[in-house]
Every structure is written in structure tokens, then in C-alpha cells.
Amino acid sequence: MKAADSPSQDARRGVAVAALLAGAAAIGASALFVKVSETGPVATAFWRVALALPFLWAWSVIGSRGGHVAGFVAERRLIVAAGLFFAGDLAVWHWSIVLTSVANATLLANLAPIFVALAVWLLYGKRPTALFLAGLAAALAGVAVLLGGDFRAGGGAVLGDILGVVTAMFYGAYQLTVTRARSRASTSVIMAWSGLVTAVVLLPLALGSGEQLFPHSAAGWAKLVGLALISQVAGQSLIAYAMAHLPATFSSVGLLAQPVIAAALAWVLLGETLGWIEIAGAIVVLAGIRVVHQAELGRRIT
């Protein structure tokens, strides 16, 4: 019989859940910054990380109490891998946001729980249950509905949707890597060093793509700074902290607040509305991911 959690454990879990939801809200707003950015998609991703680095490194150096370098050395392979996965996540997702709607790009990127569960199966031999397969089928059916609607809208929207799914693969890999790295490295150390890796990767990609690298106005810089502080410093740090104290599959599902927040903000601020077909597809995707989470949670308990 499983022993009950202590009050201190319950309190820590409550803080972690609150951090996860707050981080999801901050990330949910990021797609709007990307949509109105004066720089190219990959360039915007670079500035998002680069402008956040001074804050992340200050937090890491001060908060780690001399363990800033030691924490990186202890988990350097995982931290570098996390930086590479996050670079792929941001570069692909920002193009997805440009090509399709904010709601679709954010929703499809949040298929990450499915890829997390599949990776756990392939890497650790945890076979999927019938309930998991049912959730997977539902989520894929919802994606098919979304893609079907965008086939009628045009090829660019379809490509954006496909890039949203690819984003989920990168993000799922990032989540698993950060969860493992937290065994011997603090959240601040992971965010500082992996962010540096991400920026180093994104800058040549932005330069090589021929995108607009610098904003045209002070307002353009303000948007980039807002994206860096709200989504990268606050959002990603809160999520990294939460993932260190919560199961990977639970963290992935908690982040499902992102597409809801993003869709609401895009509707109010950008005038992006969803038709009934898109709403139905989104609901089916969210329901499928929820079923996947329930299947994984049930397997851990039994």
C-alpha cells in the first residue's frame, strides 16, 4: 500500500503545479509576439533567447552558489542536447506561427505529450496500453480535421500545421532531456547553459536564411524584449522548475493551457477566429492528449 505524501511534499507539488500553469500562460502569449515581430521567424527566436541570457546567467551564477560551472559539467551532454532540441523547437515553431494560425501552431506544438509517451516506450520499454492507443487515435483524428481545413485554405497553412507537429517532436525531446538533467543540475544552470547553446545555433541559421535580423523601430525592439522576458525568462524557467518536480507526462499535459490562452489572445488582439471545423478538431486533439495522460498516469499508479 502506498504511503500518503507528507505535507511538505504536497506543498512542493502545489508550487510546482502553480509554476507549470504560470509558465504555460507566459508561453501561450509568445506566439502573439512572434506574429507581430518586425524580424524574421528564426531571427525572432534568436533574439528571444539572446536578450534573455543576461538575466538567466545572473540567476544561475547567483542562485547556484558557486555550482554554476560544476552543474554544467555534471550534466553537460544533456544540457547541450537540451539547447539543441530547444533551438529546433523555436526555429520550426516560429515558422509554423507565420504560416498558419496562432491557435493551430500552438495546439499542434502541444502534441508533445504523445511524443514523450512514445519516447518512453521506445527508450525504456514501457509498452502502450489500449487507453493510450485510443487517445493517440483521437489526437491524430483531430489533427486530420485541422489539416483538412487548411488544405482548403492553401498550401502555406498546411506546411505551417506540419511544422507545428515537428515542433512537438523537438519539444517532447527537450522536456525529457531537461527532466533527466535536473538530477544533478539546477533549473537556473540548465536554463543559462542550454540557452547559450540555443542562441549559438540560432544566430547562423537566421543569418543564413537571409531574414530581417534587426527590428525597424523602438516598438519592434520592445516586442522582442517582451518576448524574451515573458516567454523565455519567466515562462521557460517556470516550466523547467515544474518539470523537475513533476512527472514528464503530467508536465506535458499541464502545458495544454498554452493553446487555449494563445487562441483566446489571438482572437482578442489579432482578430484570428476559428471556424466550427477547426474548433471541433482542436477539441478532439485536446481530448486525445488528455486520454494519453490518463493512460500514463494509470500505468504509474498500478
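Along the sequence shown, residues are numbered consecutively beginning with 1.
To the nearest 0.5 Å, atom CD1 of residue Ile97 and atom OG1 of residue Thr106 are 5.5 Å apart. Atom CG in Leu32 sits 10.5 Å away from atom CG in Leu227 (nearest 0.5 Å). Separating the CG atom in Leu108 from the CD1 atom in Ile162 is a distance of 10.0 Å, to the nearest 0.5 Å. Distance check: Leu224 CG to Leu51 CG gives 6.5 Å after rounding to the nearest 0.5 Å. Leu90 contributes atom CG, which lies 6.5 Å from atom CD of Gln232 (distance to the nearest 0.5 angstrom). Thr167 contributes atom OG1, which lies 13.0 Å from atom CH2 of Trp95 (distance to the nearest 0.5 angstrom).
Side-chain N or O atoms of Glu38 include one that pairs as donor or acceptor with a backbone N or O of His216 at under 3.5 Å. Checking side-chain atoms of Glu211 against main-chain N and O of Val42 turns up a donor-acceptor pair under 3.5 Å. The backbone N or O of Phe214 lies less than 3.5 Å from a partner atom in the side chain of Gln212, making a donor-acceptor pair. Formation of a donor-acceptor pair under 3.5 Å by the Thr100 side chain with backbone atoms of Ser96 is not found in this model. Using a distance-only test at 3.5 Å, with no hydrogens or angles considered, a donor-acceptor pair links the side chain of Thr44 to the main chain of Gly40. Judged purely by atom type and a 3.5 angstrom limit, Thr198 uses its side chain to pair as donor or acceptor with the backbone of Gly83.
Cluster membership check: Leu202 shares its hydrophobic cluster with Val166, using side-chain heavy-atom separations under 4.5 Å among Ile, Leu, Val, Met, Phe, Trp and Tyr. In terms of hydrophobic clustering, with Ile, Leu, Val, Met, Phe, Trp and Tyr side chains grouped at heavy-atom distances under 4.5 Å, Tyr174 and Val197 are assigned to a common cluster. In terms of hydrophobic clustering, with Ile, Leu, Val, Met, Phe, Trp and Tyr side chains grouped at heavy-atom distances under 4.5 Å, Trp59 and Phe86 are assigned to a common cluster. Both Leu84 and Ile190 belong to a common hydrophobic cluster when Ile, Leu, Val, Met, Phe, Trp and Tyr are linked at side-chain heavy-atom distances under 4.5 angstrom. Hydrophobic clustering (ILVMFWY, side-chain heavy atoms < 4.5 Å, transitive): Leu20 and Leu238 are in distinct clusters.
Side chains of Leu163 and Trp93 form no contact here, defined as non-hydrogen atoms less than 4.5 Å apart. Side-chain contact between Arg180 and Glu75: absent, with no pair of heavy atoms (C-beta onward) separated by less than 4.5 Å.
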Check the pair Ile230 / Ser30 against side chain to side chain contact (heavy atoms under 4.5 Å, CB included), numbers first and verdict last. CA-CA 8 Å; Ile230 294 173; Ser30 65; over 6 Å; no

Apply side chain to side chain contact (heavy atoms under 4.5 Å, CB included) to Met191 and Ser60, showing your working. CA-CA 8 Å; Met191 294 302 301; Ser60 178; over 6 Å; no

Does Val36 form a side chain to side chain contact (heavy atoms under 4.5 Å, CB included) with Lys223? I'd like the steps, not just the answer. CA-CA 8 Å; Val36 299; Lys223 294 170 187 176; 3.9 Å; yes

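Taking the six-membered ring where the residue is Trp, Trp221 and Trp47 present perpendicular rings, their angle passing 60° and hence far from 30°.
Heavy-atom minimum distance, Val233 versus Ala52: CG2-CB, 3.5 Å. The two residues Thr39 and Pro215 make their nearest non-hydrogen contact at CG2-N, 3.4 Å. Closest heavy-atom contact between Val98 and Lys35: O-NZ, 4.0 Å. Of all the heavy atoms in Pro54 and Ala50, the pair that sits closest is CD-O, 3.4 Å. Here the closest heavy-atom approach between residue Leu99 and residue Gly160 is recorded as CB-CA, 3.7 Å.
Under the side chain to side chain contact (heavy atoms under 4.5 Å, CB included) rule, Ser194 has a single partner from Val189, Leu56, Ile79, Val49, which is Ile79.
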